[in-house]
Amino acid sequence: MDVLCVGMYRACSTWQYEVIAHLLERHRDGRRLGYLTGDQYAALGPAEPGAWRVLKSHEEHGSFARALAQGRAVAVYAHRDIRDVVYSLMHKRQASFDDILRAGMIHQILANDRFWSGRPGSITQRYDRLIAEPAAGVAELAAHLGLDLAPGEADRVAAEYSFQANRKRAEDLGRKLQDGGIDLADPAIAQAHDHRTLLHWNHLREGRVGDWRGRATPRERAVLDRICGRWLMAHGYEPDDTAGLAGVGPAGAIARGALACRLRTLSLRYPRTARVAKRILGIAPDAPLAPKAPIPDGARRDDAEGPAVPPPHAGAGAVSRPR
C-alpha cells in the first residue's frame, strides 16, 4: 500500500509525511520514497504485496488517480487559507506577489485542490486544526491507515515533530549548506531539503493563521478575492471585505497566471503538446523543477514544494508550521 502525502503547498504536508513515515516505519516496516512526481511514481511500479511506502507530491497525475481508484494507495491531503499560502510561498521563494501570480501558482493551488479533493481512499485535514491539536492530527492519520497506537504514542510523535524539533533540523541543514560553501541568499537554493524528513533549510517561520492580513495590499486583496474567494467561503475560511476594490486587480496578470497554470496541468497530461505551446507563448519550460544547485551530502535540491517561480510553531508536542 502506498500513502500519498499530497497536501496544499505550505499547509503541513511535510509534517504529514514525517508523521506517516514515522508511524509506518514503526508499525508496518514502511519505506520512505521522498518527493516524487507522477512520472517518477509511475516508473517505480506498484508496491510489493503487503509492503507499505510513503511519498510526498502535489500536482496531479494519472498514475496517482489510478493507484487510488484501484485501492493500491491512500491519499493524505491538507488545506490552508490560500491567502496565507501565497504569502508563505512568497517568503520561502524570495518572490514577489506578481511573480507568484504570473507563474500561475495561485491558480495551481486551486487546480491541485480540485484534483485531490474527494479522491477514493483520501483524508483531508485543516492546517489550523493541526496547529491547534497536533496529537489529535497524528491519531487521525493513524486511524486512516488502520494503525493501533499505544497509549500516549500520538503525543510522543507530535512532540518529536514539534516546531522546536523541526526548527532545529532545518537550522542544522542551513548550517550544513553554509559549511559547504552555499550562499543561502541564492534563490536557486530555496528548495534544498533533507532527503529523509523533506524539511527545507528555510522551512519554518511563524505560520500564524491570518498572517496575510498584515501583508496584502488592496490590489493584492482584490486579486486573491477574484481568484479564490469562492473557494475560501466554501471551505469555511473568513472572507475578505473587498467592497470598494472593484477593478483594482490586474486582469491581464490574472489571465496570464490562469494560462500558466493550465499549461502546467496540460504538461502533466500531454508533455509534448505543452512544451510546444509554452515555447510559442514564451513561458519558461520545465516549470515543475526549480534550478539545480550544488549541495552537501545528505541534502537534496529536488523540488518538494511545487513548481518553480521565473513552485508548521507552537509549544512542545505541536506541529511544525510552514511559513
Side-chain angles (χ1 to χ4, degrees), residues 1-8 11-59 61 63-78 116 119-125 130 134-162 165-166 169-170 173 193-200 203 297-300 302-305 312 317-320 322:
M1 178 68 72
D2 291 333
V3 183
L4 316 179
C5 298
V6 291
M8 189 177 285
C12 285
S13 60
T14 301
W15 180 86
Q16 289 174 320
Y17 175 85
E18 288 183 296
V19 167
I20 291 171
H22 176 106
L23 293 176
L24 289 180
E25 287 171 344
R26 177 177 176 81
H27 293 274
R28 294 287 186 271
D29 194 26
R31 176 186 169 200
R32 300 177 189 230
L33 300 180
Y35 185 94
L36 297 180
T37 64
D39 285 337
Q40 291 169 329
Y41 179 65
L44 195 63
E48 294 293 327
W52 285 79
R53 308 183 300 189
V54 56
L55 65 89
K56 182 181 172 185
S57 199
H58 288 297
E59 277 74 47
H61 196 276
S63 63
F64 294 138
R66 287 189 293 273
L68 292 169
Q70 295 167 5
R72 296 186 285 107
V74 295
V76 175
Y77 185 68
W116 293 112
R119 288 281 170 184
S122 65
I123 182 176
T124 297
Q125 297 180 306
L130 290 176
V138 172
E140 188 176 30
L141 292 174
H144 184 61
L145 302 178
L147 305 178
D148 294 323
L149 301 187
E153 186 174 357
D155 291 291
R156 291 192 295 273
V157 172
E160 182 162 348
Y161 301 102
S162 68
N166 273 345
R169 294 182 181 107
L173 176 59
H193 61 276
D194 178 80
H195 75 282
R196 178 172 175 79
T197 66
L198 300 189
L199 283 171
H200 298 70
H203 214 111
D297 292 340
R300 289 185 179 178
D302 314 336
D303 179 63
E305 275 295 350
V319 59
S320 59

Student: Report the distance from atom CZ of F64 to atom CD of E59, rounding to the nearest 0.5 Å.
Tutor: 9.5 Å
Student: Got a sec, which residues hit ring pair (Phe, Tyr, Trp, His ring centres under 6.0 Å) with H27, two or more places apart in sequence or on another chain?
Tutor: none
Student: Please say which of L4, T14, V3 ends up in a side chain to side chain contact (heavy atoms under 4.5 Å, CB included) with K56.
Tutor: T14
Student: Side chains of L23 and L149: does their closest heavy-atom pair fall under 4.5 Å?
Tutor: yes
Student: Working to the nearest 0.5 Å, report the span between CG of L55 and CG of L44.
Tutor: 8.5 Å
Student: Using every non-hydrogen atom in the two residues, find where A67 and Y41 come nearest and quote the distance to one decimal.
Tutor: CB-OH, 3.5 Å
Student: Within the distance-only criterion (no hydrogens, no angle test), does the side chain of Q125 pair as donor or acceptor with the backbone N or O of L130 below 3.5 angstrom?
Tutor: no
Student: Decide yes or no for M1 and R28: does some side-chain heavy atom of the first lie under 4.5 Å from some side-chain heavy atom of the second?
Tutor: no
Student: How long is the span from the CD1 atom in I20 to the NE2 atom in H22, to the nearest 0.5 Å?
Tutor: 12.5 Å
Student: Any side-chain heavy atom of Y161 within less than 4.5 Å of one from V138?
Tutor: no
Student: Would you give the length of the straight line joining atom OH of Y17 to atom CG of L33, rounded to the nearest 0.5 angstrom?
Tutor: 6.5 Å
Student: How would you list, by chain and number, every residue that makes a side-chain hydrogen bond (donor to acceptor under 3.5 Å, both in side chains) with H61, sequence neighbours excluded?
Tutor: D39, S63
Student: At what distance, to the nearest 0.5 angstrom, does NE2 of H58 lie from CE of M8?
Tutor: 10.5 Å
Student: Atom CZ of residue position R26 - does it have more than 12 heavy atoms of other residues, nucleotides or ligands inside 6.0 Å?
Tutor: no
Student: Could you pull out the closest heavy-atom pair between A11 and A78, with the gap in Å?
Tutor: O-CB, 3.3 Å
Student: Is there side-chain contact between E25 and R32, with at least one heavy-atom pair below 4.5 Å?
Tutor: yes
Student: Would you name the heavy atoms of A47 and R53 that are closest together and state the gap between them?
Tutor: N-NH2, 3.2 Å
Student: Sub-3.5 Å donor-acceptor pair from the side chain of S57 to the main-chain atoms of L36, do we have one?
Tutor: yes
Student: Would you give the length of the straight line joining atom CG of L147 to atom CG of L141, rounded to the nearest 0.5 angstrom?
Tutor: 9.5 Å
Student: Answer yes or no: is there a side-chain heavy-atom contact under 4.5 Å between C5 and V54?
Tutor: yes
